[in-house]
Amino acid sequence: MALREIVKLGDDILHKKCRVVEKFDDKLAQLLDDMYETLLVAEGVGLAAPQVGILKRVCIVLMPDEEEPIELINPTIVKREGEQHEIEGCLSCPGEWGITDRPYSVEVEAFDRNGKKFKVSGEELKARALCHEIDHLDGILFIDHAEMLTQEELEEMQHVIED
Ligand code: CO
């Protein structure tokens, strides 16, 4: 495994649409392993391939209480229910936080690294993370639609962000 550099805001690649994965090969497995290592070091909840400079429909989500990441290849949200408005950030947008409008729960269809189709569902943080990462694959960043917090608001909410 190898660490990859996380692309930061200002790089055009973050606003590009990713290509569908057609080959479930060693290169894809390597990308997933590297993304996992990169995410662990960055201490994030999720990471999408464009954030490491690869325009492929690949992302991972790592819930704080789980050891294994959810690996999503060519994911599609097939069901959205309810709504939530919580604080969100992004490893590509350090220091930026905002309130997003997300479904409370989602169901996602995707392929695993071996090309096998599976379904995953999540609510609250997991739903936000799934939506956030899948947005990345379409070149959408949370700052494109979030209600951004000011420095003052951030200080007031610091305890929420640190949790
Ligand atoms: Co992000």
Side-chain angles (χ1 to χ4, degrees), residues 1-21 28 31-77 80 83-111 113 120-151 153-154 157-158 160-163:
M1 294 209 285
L3 274 184
R4 303 225 183 178
E5 198 179 325
I6 298 180
V7 175
K8 299 289 179 350
L9 192 61
D11 193 318
D12 281 354
I13 202 164
L14 292 173
H15 280 113
K16 288 186 177 158
K17 218 172 147 76
C18 295
R19 290 182 299 273
V20 170
V21 171
L28 174 67
L31 171 64
L32 285 160
D33 290 345
D34 289 356
M35 283 172 63
Y36 177 45
E37 193 182 345
T38 304
L39 180 60
L40 280 180
V41 171
E43 298 183 335
V45 175
L47 191 66
Q51 292 182 278
V52 293
I54 307 287
L55 285 172
K56 285 184 181 168
R57 302 191 78 81
V58 174
C59 59
I60 59 173
V61 166
L62 179 64
M63 295 306 293
D65 51 354
E66 283 175 23
E67 291 202 357
E68 293 292 314
I70 307 164
E71 299 179 340
L72 304 130
I73 295 136
N74 302 336
T76 319
I77 298 174
R80 297 173 169 81
E83 54 182 276
Q84 56 174 323
H85 304 276
E86 299 291 339
I87 295 187
E88 223 167 287
C90 177
L91 293 174
S92 292
C93 316
E96 308 267 2
W97 299 90
I99 311 277
T100 53
D101 180 1
R102 300 281 191 200
Y104 178 77
S105 68
V106 291
E107 197 172 286
V108 174
E109 259 179 25
F111 294 85
R113 61 168 67 200
V120 59
S121 56
E123 54 187 38
E124 297 183 330
L125 174 63
K126 195 172 178 184
R128 296 204 294 283
L130 287 165
C131 291
H132 179 116
E133 299 315 324
I134 293 169
D135 271 355
H136 270 300
L137 309 182
D138 289 314
I140 300 165
L141 299 177
F142 85 103
I143 57 165
D144 297 336
H145 55 84
E147 194 183 313
M148 299 308 289
L149 298 177
T150 63
Q151 199 54 44
E153 288 169 322
L154 272 177
M157 297 176 104
Q158 205 61 41
V160 181
I161 292 163
E162 280 167 3
D163 282 350

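None of the values given here were measured: they were computed from a predicted structure. For ligands, and for the atoms within them, numbers begin at 1 and follow the listed sequence.
Of all protein N, O or S atoms, those under 2.8 Å from the Co ion (ligand 1) number 3.
Annotation: salt bridge (Lys or Arg N to Asp or Glu O under 4.0 Å) contacts of Lys17 (sequence neighbours excluded): Asp138. Judged as a salt bridge (Lys or Arg N to Asp or Glu O under 4.0 Å), and not counting sequence neighbours, Glu96 has no contacts. Residues passing the salt bridge (Lys or Arg N to Asp or Glu O under 4.0 Å) test with Arg113, sequence neighbours excluded: Asp33, Glu71.
Side-chain N or O atoms of Gln84 include one that pairs as donor or acceptor with a backbone N or O of Pro103 at under 3.5 Å. Side-chain N or O atoms of Thr38 include one that pairs as donor or acceptor with a backbone N or O of Arg4 at under 3.5 Å.
For the salt bridge (charged side-chain N to carboxylate O under 4.0 Å, His left out) criterion with Asp135, the lone passing option out of Arg102, Arg128, Arg57 is Arg102.
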